[in-house]
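In what follows, a single structure is set out as structure tokens and then discussed.
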Amino acid sequence: MAEKNTANIGFEKQIWDAACVLWGHIPAAEYRKVIVGLIFLRYISSAFEKRYNELVAEGDGFEDEPDAYLMDNIFFVPEKARWSVVSAAAHTPEIGSVIDDAMRAIEEENKTLKNVLPKNYASPDLDKRVLGDVVDLFTNMDMTDTEDSKDLLGRTYEYCIAQFAAYEGVKGGEFYTPSSVVRTLVEILRPFENCRVYDPCCGSGGMFVQSAKFIQAHSGNRGNISVYGQESNADTWKMAKMNMAIRGIDADFGQYHADTFFNDLHKTLKADFIMANPPFNLSNWGQDKLKDDIRWKYGVPPAGNANYAWIQHMIHHLAPNGKIGLVLANGALSTQSSGEGDIRKNIIEADLVEGIVAMPTQLFYSVTIPVTLWFITKGKKQKGKTLFIDARKMGYMVDRKHRDFTDEDIQKLADTFKAFQDGTLEEVKGFCAVADIQAIAAQDYILTPGRYVGIEEQEDDGEPFDEKMKRLTSELSEMFAKSHELENEIREKLGAIGYDI
């Protein structure tokens, strides 16, 4: 069987299971901060200690100079914030205050982290004995190779965020997009070195992590991308900042959290790649105050739904040959209400829609509604053409509620896109098809993939039609007879106890 990309075993789960002991000892809203804060503190301390020892060995006396660390994208960690100090206090009543002081010291020394780190460890709601046990768990990690540890802790961070999303439902989904969805976007878009990547509603920053992984996996350097993001939720913005720091990604998320529509923190940015999972069908987004905004090139989005506001915001920030990959609820494919159909028509007529992928249900922790991946491109290779993929049957069930993609599934979608772009794609009934703008216009500019890919061809079983119909009707007749028997039996049983039907 193809390898499944969701790593739900090993160290990530060990951390999660141990940390869950805290669950009953602190309010759920604070719990997330406690765990991700410890992950962050453990990593940057380990990275610092490794570089500190190297500088001591070099003998030039730079081990206490912050610039000697920052030049290698390593945070300078003051002595009181180092993990050795934290771990030594693990089983003392003061452990919470020690961690809070460590967080404050790191923020004081590293201005980019100002007001970002959690400082709730001294809370009386948090059982200090349990907190000490969790500190021990981190202490016992092998952190001798901090480059490997970066991925280890990064994976743990991502795993815990995914679990929070699952536990917190809709609220959790606001800051986490499942990794299989993000990977599909990245594998299809294929970001390259020295590019600008942007997410206007970045959540915890998963789009950037996968982009950096992609570039590094293809002989690049994870630091060779310029990352720009924006997030309106204060706590989620802080999580994103920590996520980038753990991964060693230098990101510009602005000086504060802010509403993307009302306070665009990257007004002049023209990005090579934009990847986003905006809030689905967001209402009351402030249209009445933004009707004359320069971003609405293809039409003013309706006040009751921000889907086409997000799309046009992204197009506005796209470089001349830039690409967008975004997740939207299926309604955006076909809606004709409040001018949305006209906006979609204008975007299609501008030859910007390169591909549409219908995704299976149950991929998200927060919603069960089906979603679609949109790929919008300036300077398309296949002019006037759009690729439609119906991927609703792909993936496997992780459990009764959640679906995921295998690596093989993701690769199939990426390969299909590449074949389309190269002009070598062979259409497959029920899975993929290519349509030109005229064909889309004939469908009233509706982008639902099922209208274009058709129904999957069924393999001929060799049984003549007349014989098959006789066999099926005979089987149906037997079922009807059995149904009548059961019905009569039920009537008799009910009648025997005085309930006639």
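Hydrogens, waters and symmetry mates are skipped; everything else that's a heavy atom, side chains included, is used.
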TODO: List in chain and number order the residues that pass side-chain hydrogen bond (donor to acceptor under 3.5 Å, both in side chains) with Lys119, two or more places apart in sequence or in another chain; answer none if no residue qualifies.
DONE: Glu107
Task: Mutual orientation of the aromatic rings belonging to Tyr52 and Phe48 [parallel < 30°, tilted 30-60°, perpendicular > 60°] - done: tilted
Open item on the list: I need the Phe76 CZ to Asn110 CG distance, nearest 0.5 Å.
Closed with: 8.5 Å
Task: Check: Thr260 side chain, Pro200 main-chain N or O, donor-acceptor pair, under 3.5 Å - done: yes
Open item on the list: Distance check, rounded to the nearest 0.5 Å: Phe261 atom CZ versus Cys201 atom SG?
Closed with: 8.0 Å
- [ ] Taking the side chain as every heavy atom from C-beta outward, state whether Asn194 and Ile225 have any atom pair closer than 4.5 Å.
- [x] no
Open item on the list: Tell me whether Trp374 contacts the main-chain N or O of Ile311 through its side chain, where contact means a donor paired with an acceptor under 3.5 Å.
Closed with: no
TODO: Give the minimum heavy-atom separation between Met244 and Ala251, together with the two atoms involved.
DONE: CG-CB, 3.7 Å
Open item on the list: To the closest 0.5 Å, what do you measure between CG (Leu352) and NZ (Lys323)?
Closed with: 12.0 Å
Task: Lys241 and Glu231 ion-paired at < 4.0 Å - done: no
TODO: Could you tell me whether a side-chain N or O of Arg42 sits under 3.5 Å from a main-chain N or O of Phe138, the two making a donor and an acceptor?
DONE: yes
Open item on the list: Taking Val77's backbone N and O only, do any of them form a donor-acceptor pair with Arg82's side chain (distance below 3.5 Å, no angle check)?
Closed with: yes
Open item on the list: Looking at every heavy atom in both Lys80 and Asp101, which two are closest together, and how far apart are they?
Closed with: CE-CB, 4.1 Å
- [ ] Quick one: closest heavy-atom pair of Ile274 and Leu189, and the distance?
- [x] O-CD1, 4.2 Å
Open item on the list: Give me the atom names and distance for the closest heavy-atom approach of Tyr121 to Leu126.
Closed with: O-CD2, 3.6 Å
Task: Derivation of the ring-ring contact (aromatic ring centres under 6.0 Å, His included) call for Phe417 and Phe375 - done: CA-CA 10 Å; Phe417 251 87; Phe375 294 92; 4.9 Å; yes
Open item on the list: To the closest 0.5 Å, what do you measure between CZ (Arg196) and NE2 (His317)?
Closed with: 12.5 Å
Task: Check: Ser87 side chain, Ser84 main-chain N or O, donor-acceptor pair, under 3.5 Å - done: yes
Task: Polar contact flag, side-chain donor to acceptor under 3.5 angstrom, Trp83-Thr139 - done: yes
TODO: For the pair Gln230 (side chain) and Leu265 (backbone), establish whether a donor and an acceptor sit closer than 3.5 Å, ignoring hydrogens and angles.
DONE: yes
Task: Under 3.5 Å: donor-acceptor pair, side chain of Lys270, backbone of His316 - done: yes
Open item on the list: Parallel, tilted or perpendicular: which one describes the rings of Tyr198 and His313, with boundaries at 30° and 60°?
Closed with: tilted
TODO: Report the C-alpha distance between Asp235 and Asn233 in whole Å, list the side-chain angles of each, state the deciding distance to 0.1 Å, and finish with yes or no for side-chain hydrogen bond (donor to acceptor under 3.5 Å, both in side chains).
DONE: CA-CA 6 Å; Asp235 285 342; Asn233 180 282; over 6 Å; no
Open item on the list: Donor-acceptor check, side chain of Tyr298 to backbone of Ala350, threshold 3.5 angstrom: yes or no?
Closed with: no
Task: Between Tyr308 and Arg344, a side-chain donor and acceptor under 3.5 Å - done: yes
Task: For Arg295, salt bridge (Lys or Arg N to Asp or Glu O under 4.0 Å) partners two or more places apart - done: Asp293
Task: Side-chain H-bond candidate by donor/acceptor type, Ser204 with Asn243, under 3.5 Å - done: no
Task: Exercise: do Ser97 and Asp100 side chains pair donor with acceptor under 3.5 Å - done: no
TODO: Please answer whether the main-chain N or O of Asn281 pairs with a side-chain N or O of Asn307 as donor and acceptor at a distance below 3.5 Å.
DONE: yes
Open item on the list: For the CG atom of Asn346 and the CD atom of Gln312, what is their distance to the nearest 0.5 Å?
Closed with: 8.5 Å
Open item on the list: How close do Val86 and Val98 get, counting heavy atoms only, and between which atoms?
Closed with: CA-CG1, 4.1 Å
TODO: Evaluate the ring-ring contact (aromatic ring centres under 6.0 Å, His included) criterion for residues Phe208 and Phe273: first the C-alpha distance (whole Å), next the side-chain angles of each, then the deciding distance (0.1 Å), finally the verdict.
DONE: CA-CA 10 Å; Phe208 305 123; Phe273 296 94; over 10 Å; no
- [ ] Tell me, with the steps shown, if Thr406 and Asp409 meet side-chain hydrogen bond (donor to acceptor under 3.5 Å, both in side chains).
- [x] CA-CA 5 Å; Thr406 64; Asp409 290 331; 3.1 Å; yes
Task: Value rounded to 0.5 Å, distance of CE in Met207 from CZ in Arg183 - done: 14.0 Å
Open item on the list: Taking side chain to side chain donor-acceptor pair (under 3.5 Å) as the criterion, tell me which of Lys381, Lys378, Gln421 meets it with Glu354.
Closed with: Gln421
Task: Closest contact, heavy atoms only, Ala89 versus Ile95 - done: O-CB, 3.3 Å
